[in-house]
Chemist: 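I have a structure here, written as structure tokens, and I will follow up with some questions on it.
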Protein chains: 2
Amino acid sequence: MSQTLDVGGENGSQPDFGLARPPLAVQLSDMLREMILEGALPGGEKIREKDLTVRFGVSRTPLREAMKVLAAEGLIELIPNRGAIVSRHSVEDLADVFPVLASLERLAGELAAVRATDAEIERICTLTANLGQTVEGANRPQYFKINQAIHDAILAASGNETLIRTHATIAGRVHRARYQANLTKSRWERALEEHGRIADALKKRDGARLGALLNEHMLAKLSSILDALQAGETGT
Amino acid sequence: MSQTLDVGGENGSQPDFGLARPPLAVQLSDMLREMILEGALPGGEKIREKDLTVRFGVSRTPLREAMKVLAAEGLIELIPNRGAIVSRHSVEDLADVFPVLASLERLAGELAAVRATDAEIERICTLTANLGQTVEGANRPQYFKINQAIHDAILAASGNETLIRTHATIAGRVHRARYQANLTKSRWERALEEHGRIADALKKRDGARLGALLNEHMLAKLSSILDALQAGETGT
DNA sequence: CTATTGAATTATGAATTCATTTTTAATGTC
DNA sequence: GACATTAAAAATGAATTCATAATTCAATAG
């Protein structure tokens, strides 16, 4: 856990082929976001700038910029002259976030049904078919990957930049929870069924139905996650 | 338009009774957000840090922090080593933002119908009644104020922090457009009718209906705004 | 022994300074 | 005259330094 960035330092080994590395502030916000979502920085914990600067080996300037971003995303809370604390992201938080995601995906479905190109629909149907194969092969990582690709494709097909952006920001907050969710076989198969109906509604360009299906799909995912948490208590 | 912050400077006139003034970065992000939404910084325009620092009389450090926040909100776009440009917020952008807001308010309505306390419902009904009086008195500013109070109250009654937060961020982006929208008398009266139905659905705790009404209400508002823009072209 | 005050320490806010990248302009060559 | 190369200028990225507010802790009064 004592990783260091070591950017701009004395690393003469990596030739650095002009691949523009992102600014420190971006790297830091990405890393901090990851840490918060992973639980490395528990909710309610006070963040001391100095600690993080020595931990990452950077100065306070880019770190503070990164913290502003995380605050705008709601992951931390900045209190003037008094530092920052990590926002609490508990089970209740999942119950807050998923309905919002479900609502946004409903809109995405309604829009995509109207605006999606035939090629986009084709692609989503193909992805849905591939999804079935992963269930047969019990390939969870692949399932997760394709599942996300489908949702992203529907969002993209909505053609609404604000919607895409908002969804991406909020979805990032539950990324981890979504991944370690689809445990049971029964839920897995049911999710596959739901995806089949989703693809079908899209093919028929039935916006109302597609929206409703996506909404229910996300809420069902929330249920399964809550069940898994309650049953296993598989906290890292 | 050449306002200056002049905070922490040599203003011996204002004794400053310990009322904690917000950090410069916050003041700057608020001010820049306002400027962008007001059109003082047109979409597509390149932002030079130096220009703004001399304009506001601050150093680059807090300004850059403010810009990170605006970038997280989607109001500007940061390009590494190449500065920032103001995101384009055109008519199409309104057409993007309002459906998202409508979708979020639909969810708010569905949740509020279940979770709102009787006192909250009471208050919203009272506000709705007051709204009618403003129409009779042709008091536009008051109408706008109460209207927003109603929407905020429904959001608050949803009890979903993520929803409240997300809505607030996005709503801020069209604040101005909403204000200069309700021009025509006919639209005004129709909006009042809609609010009556909204209050009614809430009183009956009919979530599906309340959600649908709020969704339609926002989409109707978008239509009226687009009509007004197309007709009058009343750009400041 | 407890509570309060005040100095010392520590943390955050903001300006300045240094480093790197990009852009601009100029010069030279073809 | 057009294009490429390169030096100068300007802008952004990041570290350091200075200023101010908050916290800690010891000393003293009650």
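Lettering follows sequence order; numbering is per chain, from 1.
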Chemist: Hey, which sits more toward the 5' end of DNA chain C by its nearest nucleotide, A/Thr61 or A/Gly83?
Modeler: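 So the residue in question is A/Gly83.
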Chemist: Taking the minimum atom-to-atom distance to the side chain of A/Arg82, which one of C/dT12, C/dA15, D/dT23 wins?
Modeler: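 The closest nucleotide is D/dT23.
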Chemist: For DNA chain D, whose closest nucleotide is more 5', that of A/Ala25 or that of A/Pro80?
Modeler: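 Checking each residue's closest nucleotide, the 5'-ward one belongs to A/Ala25.
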Chemist: Of the listed nucleotides (D/dA15, C/dT12, C/dT22), which one gets closest to any side-chain atom of A/Pro62?
Modeler: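 So the nucleotide nearest the side chain must be D/dA15.
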Chemist: Rounded to the Å, how far apart are A/Leu63 CG and D/dA15 C1'?
Modeler: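 Rounding to the nearest Å, CG of A/Leu63 and C1' of D/dA15 are 13 Å apart.
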Chemist: Suppose we call a contact any N or O donor and acceptor under 3.5 Å apart; does that hold for the side chain of B/Ser59 and the base of C/dA14?
Modeler: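 A donor-acceptor contact between them is absent.
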Chemist: Rounded to the nearest angstrom, tell me the gap between atom CD in B/Gln27 and atom P in C/dG13.
Modeler: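 To the nearest whole Å, that distance equals 13 Å.
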Chemist: B/Lys50 has an atom NZ; how far is it from atom C1' of C/dT22, in whole Å?
Modeler: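 So the NZ-C1' distance, B/Lys50 to C/dT22, works out to 17 Å.
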Chemist: Separation of A/Glu65 atom CD from C/dT12 atom C1', in whole Å?
Modeler: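 That distance rounds to 15 Å.
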Chemist: Hey, does B/Ile47 reach any base, or is it just sugar-phosphate, or nothing, if we go heavy atoms under 4.0 Å?
Modeler: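 Sugar-phosphate: the residue B/Ile47, judged by heavy atoms under 4.0 Å, touches backbone atoms but no base.
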Chemist: I want to check something: taking the side chain as every heavy atom from C-beta on, are B/Gln27 and B/Val58 in contact at a cut-off of under 4.5 Å?
Modeler: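 B/Gln27 vs B/Val58: side chains apart.
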Chemist: Looking at residues at least two apart in the chain, or sitting in another chain, which of them share a ring pair (Phe, Tyr, Trp, His ring centres under 6.0 Å) with A/His167?
Modeler: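 If we apply the ring pair (Phe, Tyr, Trp, His ring centres under 6.0 Å) test to A/His167, skipping adjacent residues, there are no hits.
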Chemist: Let's see if you can work this out: which of D/dA15, C/dT21, C/dT12 has an atom nearest to the side-chain heavy atoms of A/Arg48?
Modeler: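 Taking heavy atoms from C-beta onward, the closest nucleotide is C/dT12.
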Chemist: If you check the A/Val58 side chain, which of D/dA15, D/dA21, D/dG13 turns out closest?
Modeler: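 So the nucleotide nearest the side chain must be D/dA15.
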Chemist: Choose from C/dG13, C/dT12, D/dA15 the nucleotide whose nearest atom is closest to any side-chain atom of B/Pro23.
Modeler: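 Closest nucleotide to the B/Pro23 side chain: C/dG13.
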Chemist: Atom CZ of A/Phe56 and atom P of D/dA14: how far apart are they, to the nearest Å?
Modeler: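 Atom CZ in A/Phe56 sits about 15 Å away from atom P in D/dA14.
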Chemist: For A/Asn81 and D/dA19, give me the distance from atom CG to atom C1', rounded to whole Å.
Modeler: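 Computing the A/Asn81:CG to D/dA19:C1' distance gives 12 Å.
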Chemist: B/Glu49 CD to C/dT16 P: how many Å, rounded?
Modeler: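 Between P of C/dT16 and CD of B/Glu49: 15 Å.
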Chemist: Could you check if a side-chain atom of A/Glu34 sits within less than 4.5 angstrom of a side-chain atom of A/Asp30, using non-hydrogen atoms only?
Modeler: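 A/Glu34 does not reach A/Asp30 side chain to side chain.
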Chemist: For D/dA11, take OP1 and OP2 only and decide whether either is under 4.0 Å from a side-chain N or O of B/Arg64.
Modeler: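 Negative; the distance criterion is not met.
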Chemist: Provide, to the nearest angstrom, the distance between the CD1 atom belonging to A/Ile85 and the P atom belonging to C/dA11.
Modeler: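 For the pair A/Ile85 CD1 and C/dA11 P, the rounded distance is 17 Å.
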Chemist: Contact between B/Leu104 and A/Leu104 at the side-chain level, heavy atoms closer than 4.5 Å - yes or no?
Modeler: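 Yes, their side chains come closer than 4.5 Å.
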Chemist: Tabulate below the donor-acceptor pairs under 3.5 Å that side-chain atoms of residues 39-52 of chain B make, not counting sequence neighbours, or state none.
Modeler:
{"residue": "B/Glu49", "atom": "OE1", "partner": "B/Arg60", "partner atom": "NE", "Å": "2.8"}
{"residue": "B/Glu49", "atom": "OE1", "partner": "B/Arg60", "partner atom": "NH2", "Å": "3.2"}
{"residue": "B/Glu49", "atom": "OE2", "partner": "B/Arg64", "partner atom": "NH1", "Å": "2.8"}

Chemist: Pick base, sugar-phosphate or nothing for B/Arg60, based on heavy-atom distances below 4.0 Å to the nucleic acid.
Modeler: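 Base contact - B/Arg60 has a heavy atom under 4.0 Å of at least one base atom.
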